[in-house]
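I have placed the structure first, in the form of structure tokens, so that the comments after it can refer back to it.
Here is the naming used below: chain letters follow the sequence lines, and residue numbers restart at 1 for every chain. Note that these values count all heavy atoms, side chains included, but never hydrogens, waters or copies made by symmetry.
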Amino acid sequence: MIENLCSKKEPVKGLKPLEDAQPGKVIMRFAPNPNGPPTLGSTRGIVVNSEYVKMYNGKFIIRFDDTDPQTKRPMLEAYAWYLEDCEWLGAVPDQVVIASDRIPLYYKYARQLIEQGNAYVCFCSSEDFKKLKDASKPCPHRNTSPQDNLAHWEKMLAGEYEAKDAVLRLKTDIMHKDPAIRDYGIFRIVKQSHPRPEVDEKYFVWPLLDFEGAIEDHELGTTHIIRGKDLMDSEKRQKYIYKYLGWQYPKTLHWGRIKMHEFGKFSTSTLRRAIEEGEYSGWDDPRLPTLRAMRRRGILPQAIRKFMIDMGVGETDVSISMDTLYAENRKIVDPIANRYFFVWDPVELTINDAKPRTARPPLHPTENKGYRCINVGDRVLLCKDDVEQLTVGSRIRLKDLYNVEITSLAPLQAKYLGDEVANLKKERMKIIHWAPIDGIPVKVLSPEGEFKGIGEKQIATELDKVVQFERFGFCRIDSVGAEIVAYFTHK
RNA sequence: GCUCCGGUAGUGUAGUUCGGCCAAUCAUUCCGGCCUUUCGAGCCGAAGACUCGGGUUCAAAUCCCGACCGGAGCACCA
């Protein structure tokens with residue numbers, strides 16, 4: 001009873017239940033065109049689809065919709081990138097399908113539709129057809145007999161027509177009130193080789209998305225489709241195919257556009273060009289919204305999953321800030337990241353009367369993870385930013401070392417003031433971090449540019465881990481050598 | 001031009017299906033305070049929204065109509 005009263009108010013966490021979802025029977029797919037690496041945008045499709053499949057103990061399929069060798073030409077490496085990134089995200093597919101391997105299957109159904117009189121080969125120019133279509137008028141080829149259409153189709157397949165000479169259209173309803181639905185094209189001629197060597201120049205006739213997707217969704221047994229709002233019309237179009245073939249259409253869900261504040265509009269093709277021109281270092285340049293870049297920067301897959309799942313499936317277009325993703329990541333990373341000193345734009349400070357000693361700052365302020373050891377003589381390095389705040393007489397605390405008082409600015413010198421930590425606040429002493437003069441050079445690559453400086457030698461033990469450079473931010477240690485390269489994660 | 005979809009705080013999101021329990025959820029952001037040998041974390045507090053106008057109703061964020069705003073489709077792209 002009491003539970004009843006309280007339950008109504010409880011907010012539903014996670015994804016909402018799927019309509020008509022039978023546990024164990026749900027089949028969903030993520031269908032990218034591998035014409036570039038996965039980005040944060042694609043990630044939504046990977047995470048949400050795979051999460052639903054997990055919820056219902058179903059089957060998750062990745063299907064490469066790579067049926068355009070020309071305009072949105074697939075990139076050979078990207079097939080593997082998608083699989084890698086899916087695995088990283090904890091969304092290992094139960095099945096992988098490549099559309100360009102299954103062209104004969106599409107031909108089979110095309111033939112069936114032609115024989116039924118539900119598809120016809122159209123020789124209109126696209127402009128002419130559009131005019132007729134917009135006026136709800138059938139084109140002259142609409143009434144061609146199935147026999148003749150079949151003959152034309154065979155010629156298409158044999159390469160006897162050139163690109164743009166002919167297309168195969170589905171007969172829908174030329175009077176349909178929505179012009180987007182009327183007799184749309186399902187196959188066109190593209191005489192260009194496919195990037196996959198297995199396919200290469202095998203085909204002259206390629207299916208268009210609505211056809212390829214419709215056939216595959218049925219063949220794969222897809223029960224639920226989640227796709228962008230921009231493909232809402234696809235459902236209306238594809239239902240004609242399903243009707244003609246006597247199939248049952250999957251349940252659909254749509255989401256709006258997702259845009260990240262920090263990344264303006266970008267398309268895979270413009271990014272690709274910018275990379276080729278050297279504007280970016282590669283697809284994992286920390287300034288890019290690709291998953292590879294996120295991974296390199298130390299954004300953890302769990303954070304991305306949570307971020308995407310919390311966003312849910314809404315038809316509203318969303319424009320979201322990376323801060324939210326960073327907040328999720330910080331929650332995960334903060335308790336496990338070891339702390340280190342990294343001094344950018346270093347300036348040397350000499351403590352005239354200092355005795356050598358070994359500083360032992362904790363690896364973590366709250367977790368009991370041990371200490372790091374830094375040997376200090378009579379000189380340390382400070383950040384230029386901090387030094388600029390100093391005047392002769394400034395008293396500062398060198399974090400986890402000792403207190404000093406500035407005695408000279410140029411050269412920068414100080415005198416030892418004691419180890420006492422109790423009165424720092426009372427004396428309003430600023431606590432600043434430092435680095436040993438024999439530290440290791442560190443370069444940090446961040447979306448805002450590069451930071452160069454010196455860090456503790458022990459950072460070299462953290463390869464591939466996310467650490468926190470105190471008073472700087474979290475970073476992933478990318479490579480270790482004479483110089484350490486780190487990728488900035490977030491504050 | 002034709003067609004479709006959406007509009008809850010700065011940003012996401014819950015609630016909209018089957019009107020009342022919504023003076024509206026949660027998170028993030030921002031601000032204030034506490035704590036802390038990091039400008040991190042933690043703790044406490046505060047601010048902040050139903051696009052507008054009509055209608056139906058005892059009662060509307062929720063239903064209807066209109067306007068406005070935003071997005072999308074009408075490709076031989078995906």
Please give, in whole Å, the distance from B/G40 C1' to A/L363 CG? 15 Å
RNA chain B in dot-bracket form (Watson-Crick or G-U pairs under 3.5 Å, [ ] crossing, | inter-strand) is (((((((..(((.......[.....)))..((((.......)))).....(((((..]....))))))))))))....
Nearest-angstrom distance, P atom, B/A46 to B/A27: 14 Å
Does a salt bridge link A/K259 with A/D317, judged by any charged N lying under 4.0 Å from a carboxylate O? no
May I ask you to say what A/K425 touches in the nucleic acid, namely base, sugar-phosphate or nothing, with a heavy-atom cut-off under 4.0 Å? sugar-phosphate
If the C1' atom of B/C74 is compared with that of B/U29, how far apart are they to the nearest Å? 40 Å
Can you check the A/M175 CE to B/U3 C1' distance for me, whole Å? 15 Å
Parallel, tilted or perpendicular, as decided by the 30° and 60° cut-offs, for the rings of A/Y416 and A/Y402: perpendicular
With rounding to whole Å, what would you report as the distance between B/G15 and B/C63 at their C1' atoms? 16 Å
Is A/K177 touching bases, backbone alone, or none of the nucleic acid, heavy atoms closer than 4.0 Å? sugar-phosphate
Of B/C4, B/G12, B/U37, the nucleotide closest to the side chain of A/K236 is B/C4
In this structure, how many angstroms lie between the P atom of B/A72 and the CD1 atom of A/I258, rounded? 15 Å
Under 4.0 Å between any heavy atoms, over every strand shown, what does A/N403 touch: base, sugar-phosphate, or nothing? Just pick one. nothing
Confirm from the modelled atom types if A/E328 and B/U28 form a donor-acceptor pair under 3.5 Å, side chain to base only. no
Atom C1', compared across B/G48 and B/C30: separation rounded to whole Å: 10 Å
Here's a test of your reading of the structure: between A/D323 and A/D334, which maps to the more 5' nucleotide of RNA chain B? A/D323
So does A/R372 pair up with A/E462, basic N to acidic O under 4.0 Å? no
State plainly whether the residues A/D400 and A/R339 are in salt-bridge range, i.e. N to O under 4.0 Å. no
Students often mix this up, so state it plainly: with edges at 30° and 60°, are the rings of A/F472 and A/F469 parallel, tilted or perpendicular? tilted
Between A/E427 and A/R397, does any side-chain N to carboxylate O distance fall below 4.0 Å? no
Looking at A/K16, does any N or O in its side chain come under 4.0 Å of the phosphate oxygens OP1/OP2 on B/G15? yes
Using whole Å, what does the distance between atom P of nucleotide B/G12 and atom CG of A/L40 come to? 15 Å
Per atom distances to the A/A327 side chain, the nearest of B/A27, B/U37, B/U29 is B/U29
Please report, rounded to the nearest Å, how far the P atom of B/A14 is from the CD1 atom of A/I309. 14 Å
B/U17 versus B/A61 - spacing of their C1' atoms, nearest Å: 14 Å
Side-chain ion pair, A/D210 and A/K239, N-O less than 4.0 Å: no
Name the orientation class of the two ring planes belonging to A/H194 and A/W206 (parallel below 30°, tilted from 30 to 60°, perpendicular beyond 60°). parallel
If the C1' atom of B/A23 is compared with that of B/A59, how far apart are they to the nearest Å? 15 Å
A/K306 NZ to B/C26 P: how many Å, rounded? 14 Å
What I'd like to find out is whether the side chain of A/M308 reaches to under 4.5 Å of the side chain of A/I46, using heavy atoms alone. no
Quick note, A/R330 side chain, CB onward, closest among B/U8, B/C4, B/G40 is B/G40
Just to verify, which of A/H141, A/K133, A/H176, A/R142 counts as forming a side-chain hydrogen bond (donor to acceptor under 3.5 Å, both in side chains) with A/D183? A/R142
Closer than 4.0 angstrom, basic N to acidic O: yes or no for A/D323 and A/R330? no
The residue, A/G312 or A/K331, whose nearest nucleotide of RNA chain B is more 5′ is A/G312
Rounding to an integer number of Å, can you tell me how far A/F307 CZ sits from B/U29 P? 12 Å
Protein heavy-atom contacts under 4.0 Å, written 5' to 3' over nucleotides 73-78 of chain B as B (base), S (sugar-phosphate only) or - (none), form the string BBSBBB
Heavy atoms only, 4.0 Å cut-off, all strands: where does A/E315 land among base, sugar-phosphate and nothing? sugar-phosphate
At under 4.0 Å between heavy atoms, what does A/P365 touch on the DNA or RNA strands: base, sugar-phosphate, or nothing? base
Taking the C1' atom in each of B/A67 and B/A41, what is the distance between them to the nearest angstrom? 49 Å
Tell me whether A/K306 is salt-bridged to A/E328, with the criterion being a basic N under 4.0 Å from an acidic carboxylate O. yes
Considering only the P atoms, how many Å lie between B/G70 and B/A78, rounded to the nearest integer? 30 Å
When the distance from CD1 of A/I320 to C1' of B/U11 is rounded to whole Å, what number comes out? 7 Å
